[in-house]
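Here it is: the structure, laid out below.
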Amino acid sequence: MRYRTLGSTGLTVSEIGFGTIPILSGNVPVLPDYCSPTLPEAVDIMTAAYRMGCNFYDTAIPEEYGDAEYKLGVFAERIGREHIIIADKARAADGNDMFREVLRSAENLGTQPDIYFAHQVDEKNQDETFSRYGALDALCDLKKAGVIGYTGIATHYYSVAKRAAADSRVDVIQTSGNILERGIMERIAEEPLFRSKGLILNKVYAAGCLLNVFQPSELIGGILHWPFSCALIGIGTEEQADAAMQEEYPPLQFSFEDVTARLAERFPPIECDRCQRCVCPLGYEIHIVLRQYNYFHLGKHYWARKKLRMNIDEFAESCRRCIDRPCMKQCPRKLRIPELIAMIREMTE
Ligand code: SF4
Ligand code: SF4
């Protein structure tokens with residue numbers, strides 16, 4: 001295992017971190033295929049990763065990660081709390097709500113989290129999260145009081161990540177990217193504001209989808225040149241821990257075209273890298289819909305189809321009536337976005 005420095009925190013973190021979604025049990029409607037091990041099994045899996053050099057474990061509140069906080073706390077006590085770094089998170093934009101969530105997390109873990117993220121910060125809840133008495137202020141107060149070590153913002157949106165990078169209250173940013181969905185990370189790599197922040201990367205396997213086409217060595221090796229501190233891999237078995245952590249994978253350079261050519265052996269992919277430069281004035285999240293099309297063809301049939309059906313009729317109709325189509329002018333890949341949305345609508349019927 002190799003190690004990197006986490007921004008200005010002074011922490012040294014393993015290059016590969018343990019994402020606890022696959023070890024959760026409980027009724028959490030995010031993905032249908034969790035491994036859901038028992039408590040002793042989960043502790044053994046986390047221990048196996050630790051023995052391979054992992055020192056970074058990421059979790060979230062019960063509404064999102066079931067009993068993962070509790071399982072992680074039991075593991076931390078068994079292995080020795082001082083040997084690992086615990087990152088936790090809650091979806092709360094209001095300061096009072098965040099305050100309560102952090103205290104609840106500390107109780108579930110049986111210890112204090114090292115880093116606590118405001119989770120799923122998006123374009124709708126960001127103003128409240130960053131405002132006076134919002135979630136970020138609460139995290140700062142909790143840091144001053146010694147309840148958490150460092151503050152964090154977790155987001156899938158480049159605009160929110162950049163706002164966090166410009167905010168001195170934020171220590172660590174967590175965002176998503178992989179060899180296909182590389183747009184956010186490529187923009188982060190170019191933006192100096194991020195250089196003093198710790199950066200945690202998730203969705204390296206794209207919720208497992210990319211494992212149907214690529215090996216772990218390719219998915220991990222292909223991102224190593226990016227400026228993150230720790231890349232989280234969701235681990236639900238000891239075999240998965242072995243695949244992600246036992247090898248020191250060499251860096252690989254995959255061009256975007258290499259990646260889409262591999263996908264094209266299975267289905268015609270939409271060549272969107274989720275750079276998020278396209279902004280629809282009507283508020284449609286183009287990159288999310290295009291991603292779900294690729295995820296659908298990569299095996300997440302039920303999950304992706306459900307998400308695609310949510311507003312695709314209205315979206316396609318708006319595109320049909322749109323005269324200026326500003327999104328197409330903003331797309332560096334020259335994607336014909338309205339036609340792609342119409343094609344996806346047809347596919348979901
Ligand atoms: S074509 Fe118009 S309505 Fe459709 S995504 Fe682009 S900007 Fe939005
Ligand atoms: S459609 Fe184009 S601009 Fe929009 S996220 Fe995808 S690649 Fe970027």
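In this chain, numbering begins with 1 at the start of the sequence shown. We count ligands from 1, going down the list as the structure has it; atoms in each ligand are counted the same way.
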- prompt: Where is the nearest protein heavy atom to atom 8 (Fe) of ligand 2: which residue, which atom, and how far?
  reply: C275 SG, 2.4 Å
message: If the cut-off is 4.0 Å to any non-hydrogen atom of C278, which atoms of ligand 2 fall inside it?
response: 1 (S), 3 (S), 4 (Fe), 5 (S)
- request: Below 4.0 angstrom from a heavy atom of H287, which ligand 2 atoms are there? Numbered from 1 as shown, please.
  value: 5 (S)
- prompt: Would you say the side chains of K71 and S25 form a donor-acceptor pair under 3.5 Å?
  reply: yes
- prompt: Which protein non-hydrogen atom lies closest to atom 2 (Fe) of ligand 1, naming both residue and atom, and how far is it?
  reply: C322 SG, 2.4 Å
- prompt: In the protein, which heavy atom is nearest to atom 5 (S) of ligand 2, and how far is it?
  reply: Q276 N, 3.2 Å
query: How does I286 reach ligand 1, if at all, at less than 4.0 Å between non-hydrogen atoms: by side chain, backbone, both, or neither?
result: side chain
query: So, E181 and K203, do they make that salt bridge, N to O below 4.0 Å?
result: no
task: State the atoms of ligand 1, each with its element, that fall below the 4.0 Å cut-off from a heavy-atom position in P338.
output: 1 (S)
- request: Applying salt bridge (charged side-chain N to carboxylate O under 4.0 Å, His left out) between D137 and each of R169, K143, K144, R132, report the one that passes.
  value: R169
message: Closer than 4.0 angstrom, basic N to acidic O: yes or no for D44 and R78?
response: yes
Interfacing atoms of ligand 2 (cut-off 4.0 Å, heavy-atom, P332): 3 (S)
- prompt: Are L193 and L199 connected in the hydrophobic side-chain network, where two residues link if heavy atoms are under 4.5 Å apart?
  reply: no
- request: Go through ligand 1 atom by atom and flag the ones less than 4.0 Å from a non-hydrogen atom of F315.
  value: 5 (S)
query: Do you see an N/O/S atom of C272, backbone or side chain, under 2.8 Å from atom 6 (Fe) of ligand 2?
result: yes
Donor-acceptor pair, side chain of Y150 and main chain of T9, under 3.5 angstrom: yes
query: Looking only at heavy atoms of C327, does any of them come nearer than 4.0 Å to an atom of ligand 2?
result: no
- prompt: What distance do Y284 atom OH and E314 atom CD have between them, rounded to the nearest 0.5 Å?
  reply: 3.5 Å
Note: D127-R163 ion pair, threshold 4.0 Å (strictly below): yes
- request: Only heavy atoms count here, so choose which of G283, A316, C319, P281 is nearest to atom 4 (Fe) of ligand 1.
  value: C319
- request: Mind checking whether D273 contacts ligand 2 via backbone (N, CA, C, O), side chain (CB onward), both or neither, at a 4.0 Å heavy-atom cut-off?
  value: both
- prompt: Can you list the atoms of ligand 2 that are under 4.0 Å from a heavy atom of L290?
  reply: 1 (S)
field: salt_bridge(K124, D122) N-O dist < 4.0 Å
entry: no
task: Verify side-chain hydrogen bond (donor to acceptor under 3.5 Å, both in side chains) between D171 and T151, making sure each step is shown before the conclusion.
output: CA-CA 5 Å; D171 298 314; T151 62; 3.3 Å; yes
message: With heavy-atom distances below 4.0 Å as the criterion, list the atoms of ligand 1 near P326.
response: 7 (S)
